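Working notes, beginning with the structure itself.
Bear in mind that the values here come from a model prediction, so they are computed numbers and not experimental data.
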Amino acid sequence: MAYAYWKTNRHNESSVFELFFRKNPFRGEYTIFCGLDEVLRHLSNFKFGADDIAYLRQTPALSHCDPQFFDDYLCHLDCEDVKVYAMREGSIAFPRVPLVVVRGPLGVCQLLETTLLTLVNYPSLIATNAARFVVAATGQFLNASSDGDLESLENQKMMETKKKPRCIEFGLRRAQGPDGGFSASKYSAVGGFDATSNVQAGKILGVPIAGTHAHAFVQAHSSLKEAESFTLEDKNGQDVYVLQRALQYRTQFGWESTNDGELAAFLAYAVSFPDTFLCLIDTYDTLRSGLRNFILVSLVLHDLGHIAKGIRLDSGDLSYLSIEVHHTFLQMAKDYPDRQFFKDLDIVASNDINEDVLHSLNKQGHAVTVFGIGTNLVTCQAQPALGCVYKLVEVDGRPRIKLSQDLEKVLIPGQKIPYRLYGERGWPLLDLMVGIDEKDHIEPGRRILCRHPFIEQKRVAVVAKKIVKLHTLVFDGSRGGVVIEEPLLKDTKKYVAEQIKCMRPDIMREMNPGQYKVSVSDQLFHFLHKLWQTETPVLELR
């Protein structure tokens, strides 16, 4: 396309492209916009090197092209004449509202299409998936009603006072390659995850890292003899043989039937990580061996001045097992008043957890305090692609439209400014797009007619308490490139959480979420339909 624009001398015509999506993912009603930092990095470094041009010259599809296209155009092409407007990184976004708007020469703006889509699609999908997992894990919008009634608000407040489970990203080994693994770690953190098992991502991004041992570590131990030499210092600095003390407790409780190799493995892990001791307890028998061996070793650690962290469940009925483990811990704390640490131990659950599993656990009841989520998070099992598109809406000052028999694919033409209108309860009521040349000001307290883009009868008058302009200038090639300060990941994560908290509860719920309105102004509505008629051929019947 770039060569065709250049060949017909249209490559320098002014153009406006919009990057947006048509449908929210995961059967939901919201999307988290991410990837802006990568977009800005690409724009800042966009250029064809000598080796790039040499390769393009010899490709069959371009071998016939005029050499001046390469020598005079591509060789000097960059984003100096490009301006980009975008939503803030981490914004909650809705269908049709542009995430990114690119203005500049037609040729270079067209060349940016594929890369910009790549840089926005997956990050936004992962961040949205992660946010949905966090909402499901915490039960934040459980039983939310369609109109935000008092009962749903009380339910939400009750869930907020309950200790919220944390979410850890465990997906590197199942991700689509190392690049996909890193991106998943990064944007799941933006979506609300508390830590990652990806050590490299932790190093680069400053995200907390977390993990546990594998079943292989337990399987690698088969005899108590392997633990005979294990020691830890007591409070007086004296070495204590931990196996001997663990066996004393095992006899005291009558738990001699626990697996010896597993006990040896737990002791090996304990002397290696005495202050972060967290064990996978389902290698052989979760309740009659793994849990009991963990308790034995935890008691030994406590005797020596260390506090265990908890256990992990990776199979079985997570609801039943977590509750049984929790009850056992509470009973230990009750029976031994000097062992109150049992009340605060973590119960980590993994095992192919997806959003449906989390909602099911909330309904059944569970005692999980940490969810380790991998495959279904990083691969976005429920929907593997977001489906962002990059469409030309104006060229050389002329608004352009794309028509389709599918209303969803009809393009709203021309440059637009999107606003978010908030109501008296503090929730967003709708997003409104207006033409860039509209004279009427969008102001709080003023009655604004908001219309469905395509259905004439669907309209609503809004008197907004607060109005937020969704786009800001983020890149201006003529001013050196990036014109905003890149936000820290922790700040974007906080911004996402704040937006989710103030969204209308029914929009965020799992089952039959309420539909969020995306509207156009009355003036844009009429312009859209006028252009639609102009560009549609008139069928002639004879």
Side-chain angles (χ1 to χ4, degrees), residues 163 166 168 194-195 199 202 208-313 325-348 367 369-370:
K163 183 179 179 182
R166 305 186 306 279
I168 300 174
D194 297 288
V199 178
I209 57 174
T212 66
H213 66 73
H215 291 105
F217 185 81
V218 178
Q219 295 171 278
H221 298 76
S222 57
S223 168
L224 291 177
K225 289 184 178 181
E226 299 169 18
E228 289 178 349
S229 62
F230 297 163
T231 63
L232 268 180
E233 289 186 357
D234 62 15
K235 297 175 183 178
N236 299 317
Q238 300 295 315
D239 285 340
V240 175
Y241 287 94
V242 293
L243 173 60
Q244 182 179 357
R245 191 164 295 197
L247 291 177
Q248 290 173 356
Y249 280 122
R250 186 159 77 161
T251 300
Q252 175 183 332
F253 293 127
W255 292 348
E256 288 88 350
S257 62
T258 63
N259 186 280
D260 288 350
E262 183 179 58
L263 179 57
F266 287 2
L267 288 168
Y269 207 66
V271 299
S272 302
F273 302 98
D275 295 310
T276 55
F277 178 65
L278 192 151
C279 285
L280 179 58
I281 65 171
D282 66 348
T283 304
Y284 301 115
D285 188 302
T286 300
L287 298 179
R288 289 180 293 182
S289 181
L291 176 59
R292 291 176 176 180
N293 279 333
F294 169 79
I295 290 173
L296 298 177
V297 178
S298 296
L299 291 170
V300 174
L301 285 174
H302 191 247
D303 290 342
L304 302 178
H306 305 283
I307 302 295
K309 295 290 288 184
I311 59 93
R312 177 161 75 98
L313 303 168
V325 169
H326 180 61
H327 285 167
T328 301
F329 287 163
L330 291 181
Q331 192 63 48
M332 290 296 297
K334 180 179 179 181
D335 294 343
Y336 302 93
D338 60 335
R339 310 284 193 174
Q340 293 303 299
F341 73 90
F342 277 105
K343 290 182 178 180
D344 299 318
L345 293 174
D346 276 326
I347 300 174
V348 182
T369 63
V370 180

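- At a threshold of 4.5 Å between non-hydrogen side-chain atoms, the residues L345 and F277 do not count as touching.
- Considering only heavy atoms from C-beta on, V240 stays 4.5 Å or farther from L232 through its side chain.
- Counting non-hydrogen atoms of neighbouring residues, nucleotides and ligands closer than 6.0 angstrom, the CD atom of Q248 exceeds 12 such neighbours.
- For H213 (side chain) and V218 (main-chain N/O), no donor-acceptor pair under 3.5 Å exists by modelled atom type.
- Not one N or O on the side chain of N236 forms a donor-acceptor pair closer than 3.5 Å with the backbone of Q238.
- You'll find the side chain of L304 reaches within 4.5 Å of the side chain of V242, heavy atoms only.
- Heavy atoms only, all atoms of each residue included: E256 and G254 are closest at OE1-C, 3.1 Å.
- Considering only heavy atoms from C-beta on, L263 comes within 4.5 Å of V297 through its side chain.
- Between R339 atom CZ and I307 atom CD1 the span is 9.0 Å, to the nearest 0.5 Å.
- With values rounded to the nearest 0.5 angstrom, Y269 atom OH is found 11.5 Å from H221 atom NE2.
- Among residues at least two apart or in separate chains, salt bridge (Lys or Arg N to Asp or Glu O under 4.0 Å) pairs with a member in residues 277-301 are D285-R288.
- Looking only at distances, a side-chain donor or acceptor of T369 sits under 3.5 Å from a matching main-chain atom of I347.
- Residues N259 and F266 form no side-chain contact, since every pair of their non-hydrogen atoms from C-beta on lies 4.5 Å or further apart.
- More than 12 heavy atoms of other residues, nucleotides or ligands shown are found within 6.0 angstrom of CZ on F217.
- Counting only heavy atoms from C-beta outward, the side chains of L296 and F253 approach each other to under 4.5 Å.
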Please determine whether side-chain contact (heavy atoms from CB on, under 4.5 Å) holds for the pair H327 and Q331, giving the CA-CA distance in whole Å, both sets of side-chain angles, and the decisive distance to 0.1 Å.
CA-CA 6 Å; H327 285 167; Q331 192 63 48; over 6 Å; no
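- The nearest pair of heavy atoms linking K343 to A333 is CG-CB, 3.7 Å.
- Between F294 and V325 the shortest side-chain heavy-atom distance does not fall below 4.5 Å.
- To the nearest 0.5 Å, the span separating CG on L330 from CD on Q340 amounts to 9.5 Å.
- Nearest heavy atom pair, residue A264 against residue S223, reads CB-O, 3.4 Å.
- Once rounded to the nearest 0.5 Å, the distance linking CD1 of I168 with CG of D194 reads 7.5 Å.
- N293 and T258 are linked by a side-chain donor-acceptor pair at a separation below 3.5 angstrom, with hydrogens and angles left out of the test.
- Judged as a salt bridge (Lys or Arg N to Asp or Glu O under 4.0 Å), not a single pair has a partner in residues 216-243 (not counting sequence neighbours).
- Exactly one residue among V348, V370, D344, T276 makes a side-chain contact (heavy atoms from CB on, under 4.5 Å) with K309. That residue is T276.
- Here the straight-line distance linking atom CG of D275 with atom NE2 of H306 works out to 5.5 Å at 0.5 Å rounding.
- For the pair Y241 and R245, the minimum side-chain heavy-atom distance is 4.5 Å or more.
- In this structure a side-chain-to-backbone donor-acceptor pair under 3.5 Å is missing from T212 to L278.
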Can you list the steps and then say if V271 with T231 is a side-chain contact (heavy atoms from CB on, under 4.5 Å)?
CA-CA 7 Å; V271 299; T231 63; over 6 Å; no
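- From L301, atom CG reaches atom CZ of F341 across 8.0 Å, with rounding to the nearest 0.5 Å.
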Pair Y336, L299 - check side-chain contact (heavy atoms from CB on, under 4.5 Å), show working.
CA-CA 11 Å; Y336 302 93; L299 291 170; over 6 Å; no
